[in-house]
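The structure displayed is predicted, hence computed values, not measured ones. We number each residue from 1, following the sequence as shown.
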Amino acid sequence: MRRASLIAAFVLLASAAFAADDVAVEVQNASEPTLCAEKDNVYLKLVSPEVRQFKVESVHPNYIGTIVVDRSAFDLHNCPDLAAAPFITEKPRRITIFENADWQLIGHTIPNFWRKTIVPVRVGDKVETGAQLLQLWTRTQDRAEEVLVLYPQDGYWRARPLPPLNLKWSAYGSSFLVGPVEFDKRPFVNIREVVFDPNTRSLRLQFVRGGSATLRLETLDTDRQVLDVTLDPPVGGDLPFAALRSMFVTEINNDVAHLGWRVKGAQNWERAPIMDFRRASAVEVWAGRLVPSRHNTSAPDTVFRDFRGR
């Protein structure tokens with residue numbers, strides 16, 4: 001009986017591993033070089049008409065335990081367009097959209113935000129229409145930690161794990177998009193409505209093009225954050241269903257420097273510097289850094305994995 005149980009367990013594990021490799025996605029690099037550390041010049045597109053479910057994982061970089069001095073200051077060196085931005089007299093506002101003992105959803109107005117569309121944010125019967133930035137906070141170790149950010153007007157997300165034991169705080173870095181990714185001046189996702197469900201720790205996006213995506217906070221600890229994403233229906237045509245946006249200037253001045261990917265059925269990973277990569281078919285994608293950067297030193301790596309078509 002014990003031997004039969006072990007064989008059955010092995011079969012289940014093998015089946016689970018095969019299911020995780022169910023769909024290979026096309027990874028395309030549309031990045032452009034820049035000297036400005038505050039410009040999103042890295043653009044990775046994930047394309048597949050089949051994908052209904054996948055995971056986005058934000059994980060502390062491999063060197064996180066070695067950081068003594070973190071760096072996250074805004075750097076406008078070689079950024080003439082940003083340095084010359086017009087002065088805005090309107091003051092931003094902070095709005096508490098939802099709050100209980102464990103979670104807070106905070107909205108912020110951004111007077112000079114690049115897209116002027118109105119995206120309602122709903123929690124139960126409460127609707128907020130003025131927020132250009134959403135922050136999800138959780139309470140842990142007797143203090144509040146901001147762990148997830150969404151800009152509803154253009155669909156940009158940022159995520160991070162809880163701070164590691166050697167740091168009181170860690171930085172955001174790369175952004176990602178979920179849903180039909182379009183382009184108008186820059187990549188964006190056109191969201192019609194955002195619904196937050198605190199009971200399931202999920203945010204549901206309704207898209208202007210039709211369809212929806214639900215992002216559920218599956219795992220959150222001092223190592224990683226995992227978001228389980230469901231698309232209903234899959235994003236059809238040639239539009240990406242997800243994308244990564246980030247920054248690379250040099251190997252020591254970036255938010256992402258390398259890309260790793262695993263081909264379906266392969267027993268090894270392939271890797272390339274982010275600006276050298278062109279395209280690949282992959283069942284798992286990692287974007288991160290091998291050595292510390294002077295920009296957002298503690299910012300997490302990003303992993304896209306477990307692509308499924310059912």
What pairs meet the disulfide (SG to SG under 2.5 Å) rule with one or both residues in residues 124-200, with sequence neighbours excluded?
none

Please tell me whether Phe176 and Tyr156 form a close aromatic pair, meaning their ring centres lie under 6.0 Å apart.
no

Scan for salt bridge (charged side-chain N to carboxylate O under 4.0 Å, His left out) pairs involving [range], sequence neighbours excluded, and state none if there are none.
{"range": "residues 58-74", "result": "none"}
{"range": "residues 162-173", "result": "none"}
{"range": "residues 202-211", "result": "Glu182-Arg209"}

For the student: nearest non-hydrogen atoms of [X] and [Y], plus distance:
{"X": "Leu239", "Y": "Val47", "value": "O-CG1, 4.2 Å"}
{"X": "Val25", "Y": "Ser48", "value": "CG1-CB, 3.9 Å"}
{"X": "Ser174", "Y": "Ser246", "value": "OG-OG, 2.7 Å"}

Start with the C-alpha gap between His60 and Ser298, add the side-chain angles, then the distance that decides, and say whether side-chain contact (heavy atoms from CB on, under 4.5 Å) holds.
CA-CA 7 Å; His60 287 308; Ser298 62; 6.0 Å; no

For the side chain of Glu145 and the backbone of Thr138, is there at least one donor-acceptor N/O pair under 3.5 Å apart?
no

So does Thr302 get a backbone contact from the side chain of Ser58, meaning a donor-acceptor N/O pair under 3.5 Å?
no

Under 4.5 Å between side-chain heavy atoms, chaining through other members, with only Ile, Leu, Val, Met, Phe, Trp and Tyr counted: pull out the rest of the cluster around Ile64, sorted by chain and number.
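Traced through the cluster, Ile64 reaches Tyr63, Ile67, Leu167.
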
Residue pairs meeting ring-ring contact (aromatic ring centres under 6.0 Å, His included), one or both in residues 91-135, sequence neighbours left out, come to Phe98-Phe196, Phe113-Tyr151

Does the pair Asp228/Lys55 count as a salt bridge with the N-to-O cut at 4.0 Å?
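Salt bridge: yes.
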
Once rounded to the nearest 0.5 Å, what's the spacing between atom SG of Cys36 and atom CG of Leu76?
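The CG atom of Leu76 is 7.0 Å from SG of Cys36, to the nearest 0.5 Å.
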
